[in-house]
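Sequence lines set the chain letters: A, B, ... in the order given, protein chains first and strands last, and positions in each chain run from 1. Computed over heavy atoms, backbone and side chain alike; hydrogens, waters and symmetry mates excluded.
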2 protein chains.
Amino acid sequence: MSRPTLEQVARRAGVSRATVSRVVNGSTRVAAPIREQVNRAVAELGYVPNYAARSLVTQRTDSIALILPETATRVFSDDQFFPGIIRGVSQALEAADKQLVLMLVGSPAARTRAERYTTGGHVDGVLFASVHGADPLPELLLRTGIPVVCNGRPLGRSEVPYVDVDQNGGVAHAVRHLLDSGRRRIGTIAGPPDMVAGVDRLDAYRKILADSDRRSIVAVGDFTRESGEAAMRQLLADDPGLDAVFAASDLMAHGALRALREAGRRVPEEVAVIGFDDIEMARYTDPPLSTVRQPIERLGQTLAGQLLRLLAGEEVEPALVLPTELVIRETG
Amino acid sequence: MSRPTLEQVARRAGVSRATVSRVVNGSTRVAAPIREQVNRAVAELGYVPNYAARSLVTQRTDSIALILPETATRVFSDDQFFPGIIRGVSQALEAADKQLVLMLVGSPAARTRAERYTTGGHVDGVLFASVHGADPLPELLLRTGIPVVCNGRPLGRSEVPYVDVDQNGGVAHAVRHLLDSGRRRIGTIAGPPDMVAGVDRLDAYRKILADSDRRSIVAVGDFTRESGEAAMRQLLADDPGLDAVFAASDLMAHGALRALREAGRRVPEEVAVIGFDDIEMARYTDPPLSTVRQPIERLGQTLAGQLLRLLAGEEVEPALVLPTELVIRETG
DNA sequence: TTGTAAGCGTTATCAC
DNA sequence: GTGATAACGCTTACAA
């Protein structure tokens, strides 16, 4: 019942272990008839190489960890950010025939396990999605000699190469569009201050408004729909004359839409709303949501691509920034 | 730069490899002062055990694969089914200190890789979510001696233990509710015929209607919103007098809602709609969607729980069925 | 309680 | 081309 080993295949084929190993690994330096024999024995016995043994000697595992520093609940809320990243990453890894190992790291225990797992040689490289605060793990891995690429500029100084979308440009487009269409009191629903995406988008919003001598009106959410709804109520309380809102995520924008409807404000006539992400749902809100599209899937592909280059021994850019795009639908 | 080995720790602590191994694995049979020394050496060198080496001898990996026989695109559409499963599974595995390895198997190449990966001893056990058709992989793994648990009754004969929700009961509740509230021409938007959930829900629908001498009106989708929209148009074309629809997924129900609005039918006044899943979005459709709630997260937990029991050498029930619940909101 | 030594199943380096 | 043989880093009888 236990799995056959190289040894057993060798015996059956009447050759040495070394030869079987060569055949299994596709070496061309084996005589055709012998290769035949070996392959037959492999098939008959249902031989599959033991990866632990192999990686013990090769020092490779051909698998890559994607660490999502979030609880599963958060990763799979109906925010499509993480799914998009995962999708992009798995496409790129599949093409390179690497196995993706997804790690949801939402608790201290999970963090410890992830650290041991990645430093313990289970994977050849590590990808981080959406690092919270100044997580020391990426740096630690780098020092341990494990290739790492992060999604999003790490908070704090860091040597770790990263890939991000053009947060600044996206926000600038959105807010300028609101200004250009005559909006005068533009609030924002910001993301959490411990995430770069939250910080960057808020900074960008503030800068644009400052540049045109308008004041910032800020409420803070955590990228969820509920937080967006609450933040919108807050904004309306703070400034009833508000005529536009930029929400740092589509989910929060959706929540804002609900709050506005409850408050009896018409969208976009009285208040314009622009989100960020362009998740699929944005087309289905009522009315359909204008938003800043970020190429999430491509972000994932690029992330994986950079890591693969590192694994191949190539140099990579310390930072790569992908473009965003303003998508105007009906909310603003 | 290469990672320190047990040997190096042993030298530094002035003891043997065996002793270090004992300390690292938490054996109590080591004198306290020596344990201290070893721990210090471990910390100083930043030692982390090499998992390949360990699992080569222990024949365990402490990781579990969750195979999703879908493309990443499909898994992370905004259907919350897979995310819920993943969430439940990762909670249960986290509690047992096992590492979850998520495998998206949406292409033949990915399937081959998954087969090699799981039979190659990378994981101690395998979980399958939503098996398509009569996939032979679960059986194959079972024969290889690797513990397997499936989500959903496998199509075709199978020895593999599974966990499912009460599809029948859920559908029965929904359709009876429609009948009880006076609906007379009840159509259904079925799921894909190669998935058990699709087949089971359609069968259940047919049975209830047959029992009350009403005829079935069926259109087939593939669980996506778009397919639901198309199927609804189909149903309206087939039977303009339709006064209710049971959709085999919330996403398809959402698509149906759009199609109904476009066709100028009021929901629920003219046409009632009931979905299946109770994904978060169901509360946010317009009007909020009535649906059959299935305990997806608990399904994931149970799935993992059964596998953990198998790994512990216990016997498990060949089938486990979790209850569903009808949630009435405003569409029917 | 601690150390010695024999594997675990591969790959890689040699000779032949 | 093919076959011994030595690692790879760890756990675990068995000895001491």
Keeping the roles fixed (side chain from [X], backbone from [Y]), state whether a donor-acceptor pair exists under 3.5 Å.
{"X": "A:Thr5", "Y": "A:Glu7", "answer": "yes"}
{"X": "B:Arg113", "Y": "A:Lys98", "answer": "yes"}
{"X": "B:Thr61", "Y": "B:Ser63", "answer": "yes"}

For this session: Please name the pair of heavy atoms, one in A:Val30 and one in A:Arg22, separated by the smallest distance, quoted to 0.1 Å.
Result: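 Where A:Val30 meets A:Arg22 most closely, the heavy atoms are CG2-CB, 3.8 Å.
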Problem set entry | Minimum-distance pair of heavy atoms, taken over all atoms of B:Val20 and B:Ala10 |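 Minimum heavy-atom separation between B:Val20 and B:Ala10: CG2-CA, 3.6 Å.
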Nearest-Å distance for atom pair [atom1]/[atom2], residues [X] and [N]:
{"X": "A:Asn50", "N": "C:dT11", "atom1": "CG", "atom2": "C1'", "value": "13 Å"}
{"X": "A:Arg60", "N": "C:dT11", "atom1": "CZ", "atom2": "C1'", "value": "10 Å"}
{"X": "B:Arg17", "N": "D:dC10", "atom1": "CZ", "atom2": "P", "value": "9 Å"}
{"X": "B:Leu56", "N": "C:dC8", "atom1": "CG", "atom2": "C1'", "value": "4 Å"}
{"X": "B:Gln59", "N": "C:dT10", "atom1": "CD", "atom2": "P", "value": "10 Å"}
{"X": "B:Arg3", "N": "D:dC10", "atom1": "CZ", "atom2": "C1'", "value": "12 Å"}
{"X": "B:Leu6", "N": "C:dA6", "atom1": "CG", "atom2": "P", "value": "18 Å"}

Exercise. Is there a residue in residues 22-47 of chain B whose heavy atoms reach under 4.0 Å of DNA chain D, and which residues are they?
Worked result: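 Those residues whose heavy atoms fall under 4.0 Å from DNA chain D, taken from residues 22-47 of chain B in numerical order, are B:Arg22, B:Asn25, B:Tyr47.
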For this session: Look at A:Glu317 together with A:Arg309 and state whether they make a salt bridge at an N to O cut-off of under 4.0 Å.
Result: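 Salt bridge present between A:Glu317 and A:Arg309.
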Exercise. Has B:Ser21 got a side-chain N or O lying under 4.0 Å from the OP1 or OP2 atom of D:dC10?
Worked result: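 Negative; the distance criterion is not met.
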Exercise. Reckon B:Thr5 has a side-chain N or O less than 4.0 Å from the OP1 or OP2 of D:dG9?
Worked result: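 The answer is no; no side-chain N or O of B:Thr5 sits under 4.0 Å from OP1 or OP2.
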For this session: Find out whether A:Leu93 and A:Leu66 are in side-chain contact, i.e. whether some heavy atom of one side chain is under 4.5 Å from a heavy atom of the other.
Result: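 When only atoms from C-beta onward are counted, A:Leu66 and A:Leu93 do not touch, as no gap falls below 4.5 Å.
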Exercise. Which residue lies toward the 5' end of DNA chain D, B:Thr19 or B:Ala53, if each is placed at its nearest nucleotide?
Worked result: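 It is B:Ala53, whose closest nucleotide lies nearer the 5' terminus.
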Exercise. Any idea how B:Tyr117 and A:Tyr51 line up, ring-wise: parallel (<30°), tilted (30 to 60°), or perpendicular (>60°)?
Worked result: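 Tilted, since the angle between the ring planes falls between 30° and 60°.
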Problem set entry | More than 12 heavy atoms of other groups within 6.0 Å of A:Glu314 CD |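 Atom CD in A:Glu314 is packed in, count exceeds 12.
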For this session: Could you check which of C:dC8, C:dT11, C:dT10 has an atom nearest any side-chain atom of B:Val57?
Result: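 Output: C:dC8.
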Exercise. By a strict heavy-atom criterion of less than 4.0 Å, which residues belonging to residues 7-15 of chain A are in contact with DNA chain C?
Worked result: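 Listed by number, there are none.
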For this session: Could you tell me, to 10°, how much the axis swings from one end of the helix from C:dT1-D:dA16 to C:dC16-D:dG1 to the other, five pairs per end?
Result: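 Roughly 40°, once rounded to the nearest ten degrees.
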Exercise. Roughly how far, to the nearest 0.5 Å, is CG of B:Leu299 from CG of B:Leu303?
Worked result: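 Result: 6.0 Å between the selected atoms.
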Problem set entry | Between B:Arg40 and B:Gln37, a side-chain donor and acceptor under 3.5 Å |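 Judged by distance alone, the side chains do not pair up.
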